[in-house]
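Only this structure's heavy atoms are used, side chains among them; waters, hydrogens and symmetry mates stay out. Convention: sequence-line order gives letters A, B, ...; per-chain numbering from 1.
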Number of protein chains: 2
Amino acid sequence: MALSEEKQKQIVDAAIAEFQEKGYAGASMDRISCRANVSKRTVYNHFESKDVLFSAIIQRLADRLNAALEIAYDPDRPIRPQLERLAWAEGDLLTDPDFMKLARMVMGETIRDPELAADMNSRMTKTAVFEEFMARANADGKLHAPDPQLAAEQFLGLIKSQGFYPRIFTDAPVSREEMAGIVDRSVEMIMKSYGRE
Amino acid sequence: MALSEEKQKQIVDAAIAEFQEKGYAGASMDRISCRANVSKRTVYNHFESKDVLFSAIIQRLADRLNAALEIAYDPDRPIRPQLERLAWAEGDLLTDPDFMKLARMVMGETIRDPELAADMNSRMTKTAVFEEFMARANADGKLHAPDPQLAAEQFLGLIKSQGFYPRIFTDAPVSREEMAGIVDRSVEMIMKSYGRE
DNA sequence: AAGGTAAACTATTCAGTGTAGTTTAGGCGC
DNA sequence: GCGCCTAAACTACACTGAATAGTTTACCTT
């Protein structure tokens, strides 16, 4: 139903804000329902517990990440713009304030438990896509990266060390202009190391 | 009193572990007293509230950081080993599991509030020491860094981007050997950019 | 006498439930 | 289109039970 879906969206939005501000333990279901302009019972009709609600939000973040990074290597196009596009797939997320807020929240909750954090990090860090891409370009003779996994990690590392980690503690993500520079420099570095132009 | 001091240490250690595991909101004063093998009243005799106890731990971390970084430029010694020593002052902390655990805890608590996070970051990031050092070496003619603040940030950034950020989510800090490499490469880069040998 | 212990106690917050009543949207006869 | 019905979804609110910050009291140890 349309109404139900709308209520659900209100709940999720309110929950994101509440979890973001107070953390999991500090968040209150009463406040969430209040922020969502919805009765507490409705919250529980949509999400059977606080935990389920929290997990649903995490899942939403992961889904979004996976969707954004569905990029495959195309042998018919030159390598450099493809690397740029790949970098921008990550860059788009990192320049989005909402994504960064969500990411910050998840990090705050998981950082204390290294195992959980590692799991979350692997769900959030789609090295696999980068790795696959590198391996394909390699096989196609457009790159010369003996260790595609390392190359993928370096590529992502270059982007995140400039565009993500330094901004975890800040309200403002990197601007599109800054990201353009980051993408350029990162692609340049990968091309210098592994390029075959 | 010696006994009292010992109890206090037990309390602080237990509190660190508890805050680390559960976060501020999730931590329980009952569990802290239990972990410390101390009565709850004793906890409250030493620290008048949960908040005070938490702050005391933060302060302890900040103090340790400040103490570790009390390094001044010495015009009578060559610049490179002095840069290495400065880098190692930071490196020592980053290779210490206890320090990293504390840092992770503080980050988890502050990350949600950008203002608090920025404040904490400034308390934890002693750019000032690096900056002062750079400026002195500059005035002494051993370095040529037109913007000492930038140079200091770059120096620290090089170290932290390799030795800190990638390890926030991991249980294991960088090893001393890895840190040696990080220090070498970072000093090398600074010398290449600003050196006058 | 100084500091510690143990355990009960207060007051509060909060996750989650139960219930009785209300809104909404769509279907159906007309 | 119009009134009427139904069922699902929502609301308001009181309630339970558990956890928890912080206090009090009476007693113990060195």
Nearest-angstrom distance from the residue atom [atom1] of [X] to [atom2] of [N]:
X       : N      : atom1 : atom2 : value
A:Ile32 : C:dT13 : CD1   : P     : 17 Å
A:Asn45 : C:dT17 : CG    : P     : 10 Å
B:Glu6  : D:dT29 : CD    : P     : 18 Å
A:Phe19 : C:dC14 : CZ    : P     : 13 Å
B:Ile11 : C:dG4  : CD1   : C1'   : 11 Å

- N/O (side chain, A:Thr42) to phosphate O (OP1/OP2, D:dT11) under 4.0 Å: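 Answer yes for this pair, as a side-chain N or O of A:Thr42 is under 4.0 Å from OP1 or OP2.
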
- Task: Answer yes or no: does a side-chain N or O of A:His46 lie under 4.0 Å from OP1 or OP2 of D:dC10?
- Result: yes

What pairs of donor and acceptor atoms, side-chain ones from residues 178-188 of chain B against any protein atom, are under 3.5 angstrom apart with sequence neighbours left out?
| unit_1 | atom_1 | unit_2 | atom_2 | d |
| --- | --- | --- | --- | --- |
| B:Glu178 | OE1 | B:Ser175 | N | 2.8 |
| B:Glu178 | OE1 | B:Ser175 | OG | 3.2 |
| B:Glu178 | OE2 | B:Arg167 | NH2 | 3.1 |
| B:Arg185 | NE | B:Gln162 | OE1 | 3.4 |
| B:Arg185 | NH2 | B:Gln162 | OE1 | 3.1 |
| B:Ser186 | OG | B:Ile182 | O | 2.7 |
| B:Glu188 | OE1 | B:Arg80 | NH1 | 3.2 |

- Message: The criterion is salt bridge (charged side-chain N to carboxylate O under 4.0 Å, His left out); which residues satisfy it with A:Glu21, sequence neighbours excluded?
- Response: A:Arg35

- Task: Identify, with sequence neighbours excluded, every residue that meets salt bridge (charged side-chain N to carboxylate O under 4.0 Å, His left out) alongside A:Arg64.
- Result: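 Partners of A:Arg64 by the salt bridge (charged side-chain N to carboxylate O under 4.0 Å, His left out) criterion, ordered by chain and then number, come out as A:Asp96.
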
- Among pairs that include at least one residue of residues 66-77 of chain B, which meet side-chain hydrogen bond (donor to acceptor under 3.5 Å, both in side chains), considering only residues two or more places apart or in two chains? B:Tyr73-B:Asp140

- Apply side chain to side chain contact (heavy atoms under 4.5 Å, CB included) to B:Ile16 and list each qualifying residue two or more places apart in sequence or on a separate chain. B:Val12, B:Ile57, B:Leu102

- Task: For atom CD of A:Glu48, decide whether the heavy atoms of other residues, nucleotides or ligands shown that lie under 6.0 angstrom number more than 12.
- Result: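 Check fails, neighbour count at 12 or below.
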
Could I get a table of every N or O pair under 3.5 Å where one atom is in the protein and the other is in nucleotides 21-28 of chain D?
| unit_1 | atom_1 | unit_2 | atom_2 | d |
| --- | --- | --- | --- | --- |
| D:dA21 | OP1 | B:Ala27 | O | 2.8 |
| D:dA21 | OP1 | B:Lys50 | NZ | 3.1 |
| D:dA21 | OP2 | B:Met29 | N | 2.8 |
| D:dG22 | OP2 | B:Tyr44 | OH | 3.2 |
| D:dG22 | OP2 | B:Lys50 | N | 2.8 |
| D:dG22 | N7 | B:Lys40 | NZ | 2.5 |
| D:dG22 | O6 | B:Lys40 | NZ | 2.9 |

